[in-house]
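Note sheet for the following structure.
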Protein chains: 2
Amino acid sequence: MATPLEKARKAPNSMKAKILKKARRVFGEYGFHGTTTRMIAQEVGIDISTLYYHWGEKGDLYESVIVDINEDLRQKLVEVEGIIHGRPLPDRMDIAIDLMTDFLFRHPEISNLVLFQYFGKTRGKKLINVEIPEFVSGIARSMELCRSTDDVPGRVRLQVLAIMNSIHSFISGEHFFRKMVELEKNDYMAEVKKTLKFILIPAFTGKNK
Amino acid sequence: MATPLEKARKAPNSMKAKILKKARRVFGEYGFHGTTTRMIAQEVGIDISTLYYHWGEKGDLYESVIVDINEDLRQKLVEVEGIIHGRPLPDRMDIAIDLMTDFLFRHPEISNLVLFQYFGKTRGKKLINVEIPEFVSGIARSMELCRSTDDVPGRVRLQVLAIMNSIHSFISGEHFFRKMVELEKNDYMAEVKKTLKFILIPAFTGKNK
DNA sequence: TATGATCTCCATCATTTGATGGAAACAAAC
DNA sequence: GTTTGTTTCCATCAAATGATGGAGATCATA
């Protein structure tokens, strides 16, 4: 039997999917406690009881949102892995940073929600069990930091987390950071990519540009 | 005339200061909307009206908390700058990472709140005006990424932000990340420092360890 | 001890917010 | 066109939450 989330992902024009889409953005901006069901409903243009009809209680909708964005992120990582496969490491990193940054700039709520997941506690809610390790292992293998995806060393996992978090930070912090560097959106994106490459690539390749 | 915050910082045993201290931790864990005045009051062991008597409305207390942790962070950065002054760059970075990581592990709410500040929007509240640029310029000069603190190039600012965010991420994400690497707190701290140095130092010094 | 200032708590309010029941609107099947 | 199942909205509730007034407690000082 399909879960509500699976239904929504299969039928992108359904009300369920519309609600999910808006919920991603609102939860992404304001976090779980900062978001009210009324805010989401208003965004969709429906009554809150319609929202509850489709998704049940707020916590369930939030959980679906988290699983949803994690699935999107996973899919993108697999796609990128396919593209960079076989190239030399510096190129792989260069391309992966470009592609992931572009993707996340198009879907900033993903970065927002990932960071909320890491840093913010949610009152009274059990932690949602998303298998980040899966991502991490995949990236680690793709960067040839380990042989197999089983038993990735802790040190390597932290390195991968550092990479992902660097990217997420610049996406989620755009509002704040862009003021500081006084750049237009496009210039900011370009500079972020440069900065990420400047910092991340030398450590793993031994070469500065 | 002294602001409430200045009073609290000068009299660490006052009720104002006690409330501020607990408020830091609670706001740091749950964010602005995830925190209720009752939670803070209970933590201090007082009635909420006592809290309101000392700090006024919730938003004002939160703003004081933000300014407070930014001041702590600024002081620490100045202290570290004094210690590393005059040494060669790789040593400066090595020591600075050690000192800042230790400091933030002792005060994780600082990292939490800094990240909330960057990534989370607060419903209906105007953005608090804290001069991050000041930090950033100081660090940039200390790393010799620029001559003076005036007119620090955007590229350099982003580099400094990347450094600071990497550290904050590992502190704030401890709960989440530590599970993934299955380490005790002390081992986690040690591995985080290694990872930060591994990633950050080569970019700025051209040398891998 | 009397006086005034400061501080703390109890009781309470108004609003917001999560959540639901039931009536109406709509759609599909026969 | 009636019946049946689905979807949507209106009205409403109970609990949580931000906020305050005022009575009492505490404390310094004359």
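Order of the sequence lines sets the chain letters (A, B, ...), proteins ahead of strands, with each chain counted from 1.
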What residues from residues 46-53 of chain B pass a heavy-atom cutoff of under 4.0 Å to DNA chain C? B:I46, B:D47, B:S49, B:T50, B:Y53
Could you check which residues of residues 26-37 of chain A get a heavy atom under 4.0 Å from DNA chain C? Sort them by number, please. A:T35, A:T36, A:T37
Report yes if the distance between the aromatic ring centroids of A:F198 and B:F204 is under 6.0 Å, otherwise no. yes
From A:D102 atom CG to A:I97 atom CD1, the distance as rounded to the nearest 0.5 Å: 12.0 Å
B:R38 side chain N/O closer than 4.0 Å to the phosphate oxygens (OP1, OP2) of D:dA15? no
Sequence-distant partners of A:K58, side-chain hydrogen bond (donor to acceptor under 3.5 Å, both in side chains), two or more places apart: none
Residues in ring-ring contact (aromatic ring centres under 6.0 Å, His included) contact with B:F27, at least two apart in sequence or another chain: B:Y62
Under 3.5 Å, is there a donor on one side chain and an acceptor on the other for A:E71 and A:Q75? yes
First and last nucleotide of DNA chain C, 5' to 3', lying under 4.0 Å from heavy atoms of chain B: C:dT6 to C:dT17
Return the orientation label for the A:F119 and B:F119 ring planes: parallel under 30°, perpendicular over 60°, tilted otherwise. parallel
Treating B:R24 as the side-chain partner and B:V65 as the backbone partner, does any N or O pair qualify as donor plus acceptor under 3.5 Å? no
Partners passing side chain to side chain contact (heavy atoms under 4.5 Å, CB included) against B:R92 (at least two apart in sequence or in another chain): B:I84, B:R87, B:L89, B:E144
For residues B:K76 and B:L104, determine if any side-chain heavy atom of one lies less than 4.5 Å from a side-chain heavy atom of the other. no
B:M15 CE - D:dA25 P separation (whole Å): 18 Å
Criterion side chain to side chain contact (heavy atoms under 4.5 Å, CB included) against B:F103, the qualifying member of B:I167, B:I110, B:L77, B:D98: B:I110
Between D:dA19, D:dT7, D:dA16, which one does the side chain of A:H54 approach most closely? D:dT7
